[in-house]
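These notes are about the structure you will find just below.
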Amino acid sequence: MMSRVGVESLTPRTPPNTEKTTLKVPVKIRVNGALRESEVEPRLLLVQFLRDVCGLTGTHIGCETSICGACTVLVDGKAVKSCTMFAVQADGSEVTTIEGLSRNGELHPVQEGFWECHGLQCGYCTPGMIMTSVQLLERNASPSREEIRHALDGNLCRCTGYSHIVDAVEYAAKKGGT
Ligand code: FES
Ligand code: FES
């Protein structure tokens with residue numbers, strides 16, 4: 001008589017569900033004055049939220065490891081490298097990006113300084129440089145060149161040699177900065 005051992009293993013089984021169930025979390029972030037509501041994966045970085053969910057691509061991604069500063073934005077008024085923060089951590093916050101600086105079509109004084117003093121070449125570092133400079137001038141309306149260099153030491157530029165960037169921030173300070 002044939003053994004029935006193993007018969008069960010020949011019966012087709014429902015294949016395992018390989019589809020990943022992704023947990024999404026609701027977030028509400030006010031970006032440049034407009035409330036943005038979305039459901040995001042907890043691992044989504046703030047910089048990705050700004051670029052991919054909000055479509056604000058002025059905030060750049062350079063290193064994604066908190067070194068270059070290209071991704072700097074203001075979160076509740078503080079300059080933050082947005083690759084170091086999850087979007088869910090910014091829930092309930094006010095975020096300002098480079099797109100939110102100009103008013104009524106007028107450049108912000110720091111933007112104007114970069115324009116007038118040739119504070120950029122390729123421009124990749126520029127949004128981050130400007131956002132960090134805005135915070136500096138809010139804290140110190142008349143910084144020395146050394147203080148400007150110190151404030152910007154977390155923002156890397158591969159093109160300008162920095163002198164024109166320092167000129168740009170000095171220009172903005174003379175114009176009343178913020
Ligand atoms: Fe965030 Fe470089 S991309 S610090
Ligand atoms: Fe090119 Fe700064 S202007 S990296």
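In each ligand, atom 1 is the first atom listed, and ligand 1 is the first ligand listed.
For atom 2 (Fe) of ligand 2, the neighbouring protein N/O/S atoms at less than 2.8 Å, given as residue and atom, are C125 SG, C157 SG.
Nearest heavy-atom pair across M129 and C157 is CE-CB, 3.8 Å.
Heavy-atom proximity to atom 2 (Fe) of ligand 1, evaluated over A70, G128, S66, C68, is greatest for C68.
Neither the backbone nor the side chain of V47 has a heavy atom within less than 4.0 Å of ligand 1.
Surrounding CZ of R145 are more than 12 heavy atoms belonging to other residues, nucleotides or ligands, all under 6.0 Å away.
At a threshold of 2.8 Å, atom 1 (Fe) of ligand 1 has a backbone or side-chain N, O or S atom of C83 nearer than that distance. Among the atoms of C71, none of the N, O or S atoms falls under 2.8 Å from atom 2 (Fe) of ligand 1.
Under 3.5 Å, the side chains of N32 and T96 contain no donor-acceptor pair of N or O atoms.
Counting heavy atoms from C-beta outward, S82 and V73 have side chains that approach closer than 4.5 Å. In this structure, S133 and L152 have side chains that are in contact, with non-hydrogen atoms separated by less than 4.5 Å.
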task = In sequence, state the C-alpha distance, the side-chain angles, and the governing distance for D52 and V47, and then conclude on side-chain contact (heavy atoms from CB on, under 4.5 Å).
result = CA-CA 8 Å; D52 302 338; V47 67; over 6 Å; no
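Within the model, atoms CG of L35 and CZ of R30 stand 5.0 Å from one another, a figure rounded to the nearest 0.5 Å.
Protein heavy atom at the shortest distance from atom 4 (S) of ligand 1 is G69 N, 3.2 Å.
Under the salt bridge (charged side-chain N to carboxylate O under 4.0 Å, His left out) criterion, E99 pairs with no residue, sequence neighbours left out.
If you number the atoms of ligand 1 from 1 as listed, the ones under 4.0 Å from a heavy atom of C63 come out as 2 (Fe), 3 (S), 4 (S). For ligand 1, the atoms closer than 4.0 angstrom to any heavy atom of E64 are 2 (Fe), 3 (S).
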